[in-house]
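Residue numbers begin at 1 in each chain, while the letters A, B, ... track the order of the sequences. Remember, it's a predicted structure, so these values are computed and weren't measured experimentally.
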Amino acid sequence: MSFNCRFAPSPTGPLHIGGVRTALFNWLLAKKNKGKYFLRIEDTDKERSKEEFKKQIISSLAWLGIEHEGEEYIQSKNISKHVTVAEDLIKKGFAYACYCSEEEINEQKEKCKKQGIPYVYNRKWRDAKDLQIPKDIQPVIRFKSKISGNTIIKDLVQGERNISNSTIEDFVILRKDKSPTYQLSATVDDHEMKITHVIRGDDHMINSFKQKQIYDAMGWEVPKFAHIPLIHSEKGKKLSKRDNASTINDYIKIGIIPEALRNYLLRLGWSYKDKEIFNLKESIDLFDFQGIGKSPSKLDMSRILSINETYLKMTEDKTLFNFLKEYVSNFKEPIDKAKETILMKSMKFLKNKAKTLEDIWENAQYIIKEKIVINSEDIKLIDDLSKKIIRDFVTEYEKISSLTREALEPVIKSLIEKHKTNFKGVGQPLRIALVGSKFGPGLYDVILSLDKEEVLKRLKLII
RNA sequence: GGUCCCAUCGUCUAUCGGUUAGGACACAUGGUUUUCAUCCAUGAAAGAGGGGUUCGAUUCCCCUUGGGACCGCCA
């Protein structure tokens, strides 16, 4: 059996994390089922659709490694086809022109509101042969929705869903300017693209009932539906663009790496036994509809950070360094070429104390910055004894021909003995002089990561 | 308000009638360490409430409560 699915965002704002997850689920399922995953840009809202958002959506997905089959499908290019289908529906008696003015509709809505009953279009023009057609009104085309009976959708995630047809109104498929609405366009395109599985957010449930009627009316094969629960913000509401940290860019900005976000999103609302970390292959092999939960899940920043931390540690130094380079070039000041070699070598220990690329960058400031700034609290810790220790260290350090940890250890040890102190007594002043803070990477890592002249320069500066 | 849906630690979740209700994140405590971290160990932490069904319910059914989605000539 073939498996074609799609992700169909509208370019009316930056893609948020919920959309990304929907795309991920689609993509994973396509891979697993050896099917195809398409990207369709639903830009039929001319007012709000923006080219920049389209680009942002595509680049966000690419960043995560979600690649669609072929070119992205631009919905607006297929409008004439949508209109043809609408005309076809009219011919077949499944749609009709509605000449209600906007005022008339609004009046109805007001009236319903006052009476406290739900507004449903009153189907005035559904079978209105003897009604006088107003000359000054451009009609909309409405779909002749079923009045009685029930519609059942066997949802791959939600299970069997049953709705009374009477609750679905005669929805508009062509606006007064003859442009198609979402319900029509999406259905026609899904059919034309031979989509077999429509996997989308739970908020589309009702649309599936409407769209199924269009499929049936046209005599088209109805695809399988899967409605995945939405992601909620920390406030417990459907995620919106206004929630902070909801767009992909918010995560890229703080230095989350793609693999980590992919893993986080995968496990948000889906699970496989007790497994938490899934590499790409495992995600594809193990992902399925069955493991998707039915209730919405909340975004948890500390979890994202934790998974990112895990991935940072698992990532090879070279790869991680490239991530860092890309990150820095996008969000921070450029790094001196000469420092890059040192940074590359330092990845192996820098990654052990960071949750994000930004953390790595911050912890690497002592390498990146030409001049280190010692904060005023820490400078106080450099007393006369400290200076004496640093001086002694300099003397010994200068003598070392090949700088290794093995060569440094005896030096430090002898200083501890000589000054009757402990590691901290020796280590802290050195770290402050070299890093500018009493916090930082391991002392040996620090000393070995910097050039010999740089170490001497910094140490001499303080004594 | 109407329609539909959901309900296990704070969070993500496991359990597909019988478990000391498991794991992960976060949190707390202790240990290792070279500071901060890491790492290791330990701990606290959950079946919303009420009825059924059953020998036995977190699990199946109903009600209540709580939460959510939808209700556009937006998608």
Sugar-phosphate, base or nothing in reach of L230(A), heavy atoms under 4.0 Å: sugar-phosphate

Span that lies between the P atom of U38(B) and that of U29(B), in whole angstrom: 14 Å

Neighbour count >12 (heavy atoms, 6.0 Å) for atom NZ, K144(A): yes

E409(A) atom CD, neighbour heavy-atom count above 12 within 6.0 Å: yes

Separation of A75(B) P from Q75(A) CD (nearest whole Å): 8 Å

Polar side-chain contact D43(A)-A75(B) base: donor and acceptor under 3.5 Å: no

First encountered from the 5' end of RNA chain B, between P441(A) and D203(A): P441(A)

Sugar-phosphate, base or nothing in reach of Y444(A), heavy atoms under 4.0 Å: base

Protein-nucleotide distance (N352(A), atom CG; U34(B), atom P), rounded to Å: 16 Å

Sugar-phosphate, base or nothing in reach of V140(A), heavy atoms under 4.0 Å: base

Under-3.5 Å donor-acceptor pair between R431(A) side chain and U34(B) base: yes

Aro-ring/base stack H204(A)-A75(B), d under 5.5 Å, angle under 30°: yes

Sugar-phosphate only, base, or nothing, as touched by H227(A) at under 4.0 Å among non-hydrogen atoms: nothing

Sugar-phosphate, base or nothing in reach of D177(A), heavy atoms under 4.0 Å: nothing

Distance, rounded to the nearest Å, where I304(A) contributes CD1 and A24(B) contributes C1': 15 Å

Interatomic distance where NZ belongs to K298(A) and P belongs to A26(B) [whole Å]: 18 Å

Touch class at under 4.0 angstrom, heavy-atom based, for R21(A) against every strand present: nothing

Touch class at under 4.0 angstrom, heavy-atom based, for K275(A) against every strand present: nothing

Nearest-Å distance for atom pair NZ/P, residues K355(A) and C36(B): 15 Å

Sugar-phosphate only, base, or nothing, as touched by E42(A) at under 4.0 Å among non-hydrogen atoms: sugar-phosphate

Please list each protein N or O that sits under 3.5 Å from an N or O in nucleotides 3-6 of chain B, with the distance.
{"unit_1": "C5(B)", "atom_1": "O3'", "unit_2": "R161(A)", "atom_2": "NH2", "d": "2.7"}
{"unit_1": "C6(B)", "atom_1": "OP1", "unit_2": "R161(A)", "atom_2": "NH2", "d": "3.2"}
{"unit_1": "C6(B)", "atom_1": "OP1", "unit_2": "K294(A)", "atom_2": "NZ", "d": "3.4"}

Worked check of side chain to side chain donor-acceptor pair (under 3.5 Å) between N165(A) and T151(A): CA-CA 6 Å; N165(A) 291 331; T151(A) 300; 2.4 Å; yes

5' precedence on RNA chain B between A354(A) and L443(A) (nearest-nucleotide basis): L443(A)

K313(A) atom NZ: more than 12 heavy-atom contacts under 6.0 Å: yes

Pairs touching residues 424-446 of chain A that satisfy salt bridge (Lys or Arg N to Asp or Glu O under 4.0 Å), sequence neighbours left out: none

Strand partner of C71(B), provided both Watson-Crick or wobble distances fall under 3.5 Å: G1(B)

4.5 Å side-chain heavy-atom contact, I173(A) and F94(A): no

Just the atom pairs and distances: protein N or O near nucleotides 57-59 of chain B's N or O, under 3.5 Å.
none

d(OH, Y264(A); P, C12(B)) in whole Å: 8 Å

Rounded distance (Å) that lies between atom P of C25(B) and atom CG of D274(A): 12 Å

Aromatic ring pairing Y182(A)/H204(A), orientation class (parallel under 30°, perpendicular over 60°, tilted between): tilted

Spacing of K235(A) atom NZ relative to G10(B) atom C1', expressed in whole Å: 18 Å

CD (E192(A)) with more than 12 external heavy atoms under 6.0 Å: yes

Base-pairing assignment for C60(B) (Watson-Crick or G-U wobble, both under 3.5 Å): G52(B)

Touch class at under 4.0 angstrom, heavy-atom based, for G293(A) against every strand present: nothing

